[in-house]
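Heads up, the thing below is written out as structure tokens.
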Amino acid sequence: MSLLLMSAMLPAQEKPNILWLVCEDMSPYLGCYGNQTVKTPNIDALASKGIRFTRAHSNSTQCSPSRGTLISGVYAVSLGTDIHREKRPFPATFYFPKYLREAGYYTSNNNKQDYNNVKTPENVWNESSRKASYQNRADKKQPFFSVFNCGITHMSRVATRTTEGRAPRQVSPQAVSVPAYIPDLPEVRDDIAWNMDAVQLMDQWVGAQLAALQASGEADNTIIFFYSDHGGTVPRGKAYVYETGTQIPLIVYFPPKWKHLAGTAVPSVNNRLVSFIDFAPTVFNFAGIPTPAFMRGAPFLGKDAARHEPAYLFTFRANQGDSFCPSRAITDGKFKLIWNFQSAYPHGTRQDYQWQMPAQQAWDRAYIEKNINDPLHKKFWETAPTFELYNIQTDSLETIDLAGQQPYNRILATLKKQLSLTLRQEKDLGFMPREYRRKLQADGPLYEVVRKQNINIDKQIAAAEIASLKDLAQLKTLETFLMDADPVVQYWGASGICGLAKAGAINKIPAKAAALVENDGVIDEVKGMLAEAMVYTDNTEKGLQILLKQLASGKGFAGAALQNVGAKAAPLTADLQKLLAASSKNKYRFYIRSILINCGALPYSALYDASEKVSD
């Protein structure tokens, strides 16, 4: 008899209920984590009776790849679903609630899914809707796994383009702390304070959920998780692999009846490295269900959890809107290495949703108008370094970059080696550009396609690693990448050349590269990257015309490239103004306006059209 079947046959009282209370876009901004500017009595009380984790992280920096990792127990980069807001096919068996359901649990989700998948199979949830609840199960003795999502703290609260009309207020803008990496501007303080108000409102929601559980009579039988889907809404938070983008609050409460399942002291503060990849195995540990072989994490609570404590924690990002800027990070809990692969791009690449935050616009505007003197405040807008290294125990805001400092070379080398190994172990598909992925996924989930076609992912990763270095000595190698049969390897050859051109290391792109721009057999994203390289060298006009043509045909990456070249796009002003007048797509209109602002043809205030709505 299988373990799964034996688990399903256990009496209901032998299985705990499991309740997840999930908020959005929130770093550990709670009283129990030391935030003195907010009052969060309900969550603080839960933490005082439960286990409060101090080093818990989402693996991704944005909603959809974070939740895709969470629901599958597989890193979104391994599924090829790491590009935010780019739904792709999932393997049908990669949804952990279905295994709970097969084991006798009632599974409900209220109501956000957002897994970056095309469609969730019918066998995952008994109920997934705005009315879904454990209270809807017919047999009240049936154990449940129930998820409730709260959007109060979502970035949409501060993505208002202006600070006007924010009322009622509880937290004063003067009472908040401004992270050292952001200039202390009125809009920054206002956004942070408005978000802190949301944290207090969210705490009331948690209180209401706990009261409903108590009233249902199930509180004594229910293990409770409280956490956020990724980090907070301050600039350089959500969407970036800094601690502000991935560190989350995580509290797990055990009623007395089920404390023996914790495998550790309750209550307690726990400093273990924990990430979303571990959540499904942990739930299975409580429910007595074996972890499926495809899952990549390990239980962080329960039987044998101590044997599985990870030495490293892995996080990732793919894109900032239409800017494809893969970054990967790894930490041992003290030191953290960030590896940025797109060598010609800054972190501060505008995108239509996040730039609706008044704080983000104010910081951007201050940089454009040269009202920033602090090098730390400028760094976000300058071409990202290949490597960033931080001591996150002493510098949790990651303001002191140790990469390149001789005393830390050995630490950097160790983490780099481990990160490089992790990319290969996890078969990271996140180095495939967006449109090329669409072609592959026509044959099914990328996770399955690359295995069926025996695609050499290690070679793609190696190409991206070399391309990221901005090393002129690698130019010949980058040229060989351009001649490779794999379009992804070609892409990273083009990316590496673009990075060298942006840095001024070359003043002319290689003849092989120039020839590829005219080759119909080359994917558009390779051509776009090489065209951008041309803009930085001796063939600016041709590069601009190629990118303009691509943008006019709806290629989002071309808009991101023209935005990245800054004032060099000025010769296209008249063409862009015509394209803006003819375009009906909000996203492309945003990028065109952004390009025109960079060229001085529009004021910064024209970045958004008041009539246009932008969804995350």
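Residues take their numbers from the sequence shown, with the count starting at 1.
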- Query: Is it true that Trp339 and Phe387 have ring centroids separated by less than 6.0 Å?
  - Reply: yes
- Side chains of Leu250 and Phe279 in contact at under 4.5 Å (non-hydrogen atoms): yes
- Query: Do the non-hydrogen side-chain atoms of Met529 and Ile497 ever get within less than 4.5 Å of each other?
  - Reply: no
- Query: Quick one: are Gln356 and Thr160 in side-chain contact, heavy atoms under 4.5 Å?
  - Reply: no
- Query: Taking side chain as C-beta onward, heavy atoms only, is Glu388 less than 4.5 Å from Glu398?
  - Reply: no
- Item | Ring centres under 6.0 angstrom apart (Tyr353, Trp355) | no
- Message: The test is side-chain hydrogen bond (donor to acceptor under 3.5 Å, both in side chains); show your working for Thr81 and Asn116 and say whether it passes.
- Response: CA-CA 6 Å; Thr81 60; Asn116 234 13; 5.2 Å; no
- Query: Under the 6.0 Å and 45° cation-pi test, does Arg236 pair with Tyr242?
  - Reply: yes
- Item | Cationic tip of Arg328 above Phe314 ring, under 6.0 Å, 45° of axis | no
- Below 4.0 angstrom, N of the basic side chain to O of the carboxylate: do Glu612 and Arg161 qualify? no
- Task: Determine the sole option in Trp20, Tyr115, Phe90 for which the ring pair (Phe, Tyr, Trp, His ring centres under 6.0 Å) test with Phe96 is passed.
- Result: Trp20
- Query: So which heavy atom on Asn109 is nearest to which on Gln113, and how close?
  - Reply: ND2-CG, 3.6 Å
- Check: Leu415 and Leu389 side chains under 4.5 Å, non-hydrogen atoms: yes
- Between Tyr227 and Phe276, is the ring centre distance below 6.0 Å? yes
- Message: If I take atom CG from residue Asp322 and atom CD from residue Gln320, how far apart are they, to the nearest 0.5 angstrom?
- Response: 10.5 Å
- Query: Which residues satisfy the salt bridge (Lys or Arg N to Asp or Glu O under 4.0 Å) test with Lys555, sequence neighbours excluded?
  - Reply: Glu435, Asp524
- Looking only at atom types and distance, does a side-chain atom of Ser468 sit under 3.5 Å from a main-chain N or O of Glu465, one as donor and one as acceptor? yes
- Query: Where does the angle between the aromatic ring planes of Phe294 and Phe94 fall among parallel (under 30°), tilted (30 to 60°) and perpendicular (over 60°)?
  - Reply: parallel
- Message: I'd like to know if the side chain of Thr153 reaches the main chain of Glu24, judged simply by a donor and an acceptor atom lying under 3.5 Å from each other, with no hydrogens or angles considered.
- Response: yes
- Query: Who passes ring-ring contact (aromatic ring centres under 6.0 Å, His included) against Tyr604, sequence neighbours left out?
  - Reply: none
- Are side-chain heavy atoms of Val22 and Phe226 found at a separation under 4.5 Å? no
- Message: If you count every heavy atom of other residues, nucleotides or ligands that lies below 6.0 Å from Lys87 atom NZ, does the total exceed 12?
- Response: no
- What's the shortest heavy-atom distance between Asn564 and Pro346, and which atoms? OD1-CD, 3.2 Å
- Task: Give the ring-plane orientation class for Phe431 versus Phe341, where under 30° counts as parallel, over 60° as perpendicular and anything between as tilted.
- Result: perpendicular
- Where the side chain of Asp82 meets the backbone of Ala318, is there a donor-acceptor pair that is under 3.5 Å apart? no
- For the pair Thr399 and Asp395, evaluate side-chain hydrogen bond (donor to acceptor under 3.5 Å, both in side chains) and give the outcome as yes or no after the intermediate values. CA-CA 7 Å; Thr399 61; Asp395 179 27; 2.9 Å; yes
- Message: Quick check: do Arg52 and Asn270 have side-chain heavy atoms less than 4.5 Å from each other?
- Response: no
- Task: Assess whether side-chain contact (heavy atoms from CB on, under 4.5 Å) is satisfied between Arg272 and His308, documenting all intermediate values.
- Result: CA-CA 11 Å; Arg272 175 181 174 135; His308 301 291; 4.2 Å; yes
- Task: Would you check if the side chain of Thr233 reaches a backbone N or O of Asp25 as a donor-acceptor pair within less than 3.5 Å?
- Result: no
- Are Phe380 and Tyr240 close enough, and set up right, to give a ring-ring contact (aromatic ring centres under 6.0 Å, His included), and what steps lead you there? CA-CA 11 Å; Phe380 183 72; Tyr240 301 95; 5.3 Å; yes
- Query: Between Asn117 (side chain) and Arg88 (backbone), is there a donor-acceptor pair under 3.5 Å?
  - Reply: no
- Message: Parallel, tilted or perpendicular: which one describes the rings of Tyr181 and Trp363, with boundaries at 30° and 60°?
- Response: tilted
- Tyr408 OH: over 12 foreign heavy atoms closer than 6.0 Å: no
- Query: Are any non-hydrogen side-chain atoms of Arg350 and Ser594 less than 4.5 angstrom apart?
  - Reply: yes
- Message: Main chain of Lys238, side chain of Gln354: is a donor-acceptor contact present, judged purely on distance under 3.5 Å?
- Response: yes
